[in-house]
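Worksheet: one structure, shown below.
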Amino acid sequence: MAELNTIARPYTKAAFDFALEKGEVDQWSNMLSLAAAVVNDSEMKRVLGTPSLSVEQKADLLIAVCGKQVNEAGKNFLTLLSQNRRLALLPEISNQFNELKANHEKSIEIDMVTAYDLDAELVEKLAQALRTKLGREIKVTSTTDKSIIGGVIIRANDLVIDGSVRAKLAKLAEAMNS
């Protein structure tokens with residue numbers, strides 16, 4: 001069977017193009033995130049997996065749970081996914097939609113891991129350097145992990161910059177063992 005991201009891509013692209021055309025990208029992002037969370041719920045997975053429910057009943061159930069946060073076009077999209085038996089793709093569709101949104105807005109979310117808490121000034125300097133390097137607006141999420149010993153690990157989508165002491169020690173150990 002094809003990869004989920006491949007199957008989800010045309011649905012994501014259609015939803016994003018529609019939302020962009022209508023000027024509702026943020027609203028669609030929120031709708032898809034909510035629907036993805038609902039579909040990921042263990043109880044909801046069990047209910048949606050019930051073979052005795054028709055695709056229309058599954059769509060109606062999902063729409064009812066999402067409530068007024070889903071507009072008419074969103075309801076139509078969820079119904080289409082249900083009719084095509086693709087409700088399980090909602091988490092992937094939501095992720096891809098948010099990536100398209102970030103690309104459109106020329107922004108990117110950066111996860112920064114340090115051994116110790118950094119002061120706001122240093123975080124801003126690192127963010128500014130990344131803005132310059134990537135040519136995008138940066139949203140930084142900072143966490144601490146004492147196991148990296150020192151330095152910083154930066155993750156942005158599939159870009160990883162590992163400047164941690166732990167990684168440098170691992171490279172040194174590998175070089176010494178070869």
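In this text the structure is predicted, and so the values were computed from the model without any measurement.
For the atom pair OH of Y11 and CZ of R86, the computed distance is 5.0 Å after rounding to the nearest 0.5 Å. From E99, atom CD reaches atom NE2 of H104 across 15.5 Å, with rounding to the nearest 0.5 Å. Atom OG1 of T50 sits about 7.5 Å away from atom CG of L48, to the nearest 0.5 Å.
Shown here are the side chain to side chain donor-acceptor pair (under 3.5 Å) partners of K58, two or more places apart in sequence or in another chain: there are none. Considering only residues two or more places apart in sequence or on other chains, T12 meets the side chain to side chain contact (heavy atoms under 4.5 Å, CB included) condition with A8, I93, Q96, F97, L100. Under the rule for a side chain to side chain donor-acceptor pair (under 3.5 Å), T143 has no partner lying at least two apart in sequence or in another chain. By the side chain to side chain contact (heavy atoms under 4.5 Å, CB included) test, S147 is found to be paired with D145, R166, residues two or more places apart in sequence or in another chain being considered. Listed by chain and residue number, F18, E24 satisfy the side chain to side chain contact (heavy atoms under 4.5 Å, CB included) test with K22 (two or more places apart in sequence, or in another chain). Applying the side chain to side chain donor-acceptor pair (under 3.5 Å) rule to D17 yields the partners K13; only residues at least two apart in sequence or on another chain are considered. A search for side chain to side chain donor-acceptor pair (under 3.5 Å) contacts involving D111 returns nothing, not counting sequence neighbours. With sequence neighbours left out, S54 forms a side chain to side chain contact (heavy atoms under 4.5 Å, CB included) with E56, Q57.
Remark: E43 engages R46 in a salt bridge, criterion side-chain N to carboxylate O under 4.0 Å. One finds no salt bridge joining E137 and K106 here, because no Lys/Arg side-chain nitrogen approaches an Asp/Glu carboxylate oxygen to under 4.0 Å. Taking 4.0 Å as the cut-off between side-chain N and carboxylate O, R155 and E109 do not count as a salt-bridged pair. Ion pair K168/D162 not flagged as a salt bridge, since none of the NZ, NE, NH1 or NH2 atoms sits closer than 4.0 Å to an Asp/Glu carboxylate oxygen.
Tested against L90 for a side chain to side chain contact (heavy atoms under 4.5 Å, CB included), the candidates N95, L62, V38 yield a single pass: L62.
Between T144 and A115, the closest heavy-atom pair is CB-O, 4.3 Å. Between E124 and R131 the shortest heavy-atom distance is OE2-NH1, 3.1 Å. For the pair P91 and A36, the tightest heavy-atom approach, listed with the atom from each and the gap, is CA-CB, 3.6 Å.
With a 4.5 Å cut-off on side-chain heavy atoms, M44 and V39 do not count as touching. Side-chain contact between K45 and D41 is absent, with no heavy-atom pair separated by less than 4.5 Å.
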Review item, side-chain donor-acceptor pairs of residues 71-83, under 3.5 Å, at least two apart:
unit_1, atom_1, unit_2, atom_2, d
N71, OD1, A73, N, 3.2
N71, OD1, G74, N, 2.7
T79, OG1, K75, O, 2.8
S82, OG, V55, O, 2.5

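Counting Ile, Leu, Val, Met, Phe, Trp and Tyr side chains that sit under 4.5 Å apart, directly or through other members, V123 shares a hydrophobic cluster with I108, I110, M112, L118, L122, L126, L130, L134, I138, V140, V152, I154, L159, I161. Hydrophobic side-chain contacts under 4.5 Å tie L169 into a cluster, directly or through other members, with I149, V165. Alongside M176, the hydrophobic cluster contains L172 (criterion: ILVMFWY side chains under 4.5 Å).
S29 places no side-chain N or O within donor-acceptor distance of the main-chain N or O of V25, the cut-off being under 3.5 Å. With hydrogens and angles disregarded, a donor-acceptor distance shorter than 3.5 Å links the side chain of T114 to the backbone of Y116.
Annotation for E105: atom CD counts as buried by contact number, over 12 foreign heavy atoms lying within 6.0 Å.
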